[in-house]
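Because only heavy atoms are used, hydrogens play no part in the values below, and waters and symmetry mates are left out as well, while side chains stay in.
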Amino acid sequence: MKTFANIFLGLFILKAVVAAPPTDAINYDTDTYEVDLYSNYDYEETSNIDQGEIEIGTVHPIVNRPILSPEPVEEIEEEEESTPKLIDGSSPQGPLSPGVQTPEASGGISTCILCACIRTTVYCDDHNLDSVPPLPKDTTHVYLRFNKINKINKNDFSYLNKLQKIDLTSNIISEIDEDAFRSLPQLNELSLLDNRIRQLPELPNSLSFIDVSKNRLGRKGIKQEAFKDMKDLRILYLNDNSLDHIPLPLPDSLQALHLQDNNIQEMHEDTFCKMKDLSYARRSLEDIRLDGNPINLSRTPQAFLCLPRIPVGRLI
């Protein structure tokens with residue numbers, strides 16, 4: 001009985017050894033596995049490409065690593081800005097763009113937002129304004145045409161020491177403070193065309209261009225010798241003002257004088273020339289208009305001897 005048990009145990013061990021898996025290294029070469037690597041793909045479009053031997057490499061095993069979740073990012077809420085934004089997103093308190101300036105004025109809407117400020121020029125035409133808005137201190141040219149400004153105050157321009165041109169064409173100005181323009185040392189162009197002005201204030205002697213056409217100056221609207229000391233005055237437009245006289249004296253620098261459509265009835269021989277000095281010539285004054293006035297220029301022929309051209313006007 002003992003012998004039979006030993007035989008049975010030996011057979012069991014032998015069977016277990018035979019059933020054990022082989023210990024030889026496994027060959028992962030493609031020859032061992034009959035797999036068609038190209039069976040799932042259509043390479044008709046790349047049939048012209050030479051297909052050489054393709055080496056199949058092994059891929060590094062994936063190592064199990066813990067998946068790290070990204071750190072939460074704190075959301076930063078943008079503070080609401082208290083100042084309005086322009087179309088381009090910039091703030092009116094900061095630099096708007098190259099060449100655009102902000103006026104140094106407190107209160108109200110910034111003039112350079114309402115109007116257009118390009119370098120030192122302010123364009124504020126046709127904005128339904130009833131007064132002169134605050135302007136940047138370094139303004140040199142300002143255009144305030146086609147508004148409803150009715151009065152020019154003393155301080156509207158007084159702080160603008162670099163101002164060279166003011167254009168207030170086509171407003172409803174009826175009153176101008178006596179010192180509104182006098183303190184502007186560099187002002188050389190002033191246009192007050194098409195307003196309701198009855199009295200011209202004192203003007204700076206630096207002016208070279210003055211246009212006060214289509215106003216209501218009448219007989220007393222221009223002070224005596226108002227233009228006498230303007231040594232650089234070249235253009236003077238006073239047409240359509242119901243004037244009954246030519247404002248004298250006129251500076252020798254004058255090149256154009258428009259007095260058409262007034263009520264001038266007479267002119268003296270020394271209005272433009274110097275009768276006591278027959279050698280005097282006024283060569284620069286080439287453009288004089290007296291048409292539309294009840295005056296006959298042929299009655300004072302001596303008045304034009306010093307001029308390069310006869311004025312435009314009625315000769316009969």
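Within the structure, ring-ring contact (aromatic ring centres under 6.0 Å, His included) pairs that include any residue of residues 175-227 comprise F209-Y237 (at least two apart or interchain). Sequence neighbours left out, not one pair with a member in residues 266-275 passes salt bridge (Lys or Arg N to Asp or Glu O under 4.0 Å).
Using a 4.5 Å heavy-atom cutoff, the side chains of D211 and L190 are not in contact. P136 is listed as a side-chain neighbour of C112, based on a closest heavy-atom distance under 4.5 Å. Inter-residue side-chain proximity for L135 and T111 is flagged as met; some heavy-atom pair is nearer than 4.5 Å. Put simply, the side chain of I288 does not reach to within 4.5 Å of the side chain of F304, judged on heavy atoms. A 4.5 Å side-chain heavy-atom check between L192 and I176 finds at least one atom pair inside the cut-off. Contact check for S206 versus N188: no side-chain heavy atoms found under the 4.5 Å cut-off. Side-chain contact check for L144 versus V132: some heavy-atom pair is nearer than 4.5 Å.
A donor atom on one side chain and an acceptor atom on the other are found under 3.5 Å apart for S191 and T169.
Evaluation of the side-chain contact (heavy atoms from CB on, under 4.5 Å) rule for D287 yields A256, H258, R289 as partners, not counting sequence neighbours. N205 is linked by a side-chain hydrogen bond (donor to acceptor under 3.5 Å, both in side chains) to nothing, counting only residues two or more places apart in sequence or in another chain. Among residues two or more places apart in sequence or in another chain, the side-chain contact (heavy atoms from CB on, under 4.5 Å) test is passed with P308 by E286. S170 is linked by a side-chain contact (heavy atoms from CB on, under 4.5 Å) to F146, D194, counting only residues two or more places apart in sequence or in another chain. The side-chain hydrogen bond (donor to acceptor under 3.5 Å, both in side chains) test applied to Q224 returns no partner, not counting sequence neighbours. Listed by chain and residue number, S213 satisfy the side-chain hydrogen bond (donor to acceptor under 3.5 Å, both in side chains) test with N239 (two or more places apart in sequence, or in another chain). Not a single side-chain contact (heavy atoms from CB on, under 4.5 Å) links D130 to another residue, sequence neighbours left out.
Ionic pairing of R145 and D125 is present here: one or more N-O contacts between side-chain nitrogen and carboxylate oxygen are shorter than 4.0 angstrom.
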Could you give the side-chain donor-acceptor pairs of residues 242-255 under 3.5 Å, partners two or more places apart or in another chain?
residue : atom : partner : partner atom : Å
D244    : OD2  : R219    : NE           : 2.8
D252    : OD1  : Y280    : OH           : 2.7
S253    : OG   : K231    : O            : 3.0
S253    : OG   : L233    : N            : 3.3
S253    : OG   : L233    : O            : 2.6

Enumerate donor-acceptor pairs with a distance under 3.5 Å from any side-chain N or O in residues 148-158 to protein atoms, sequence neighbours excluded.
residue : atom : partner : partner atom : Å
K148    : NZ   : N128    : OD1          : 3.3
D156    : OD2  : N153    : N            : 2.8

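Applying the under-4.5 Å side-chain rule to Ile, Leu, Val, Met, Phe, Trp and Tyr, the cluster around M275 consists of that residue alone.
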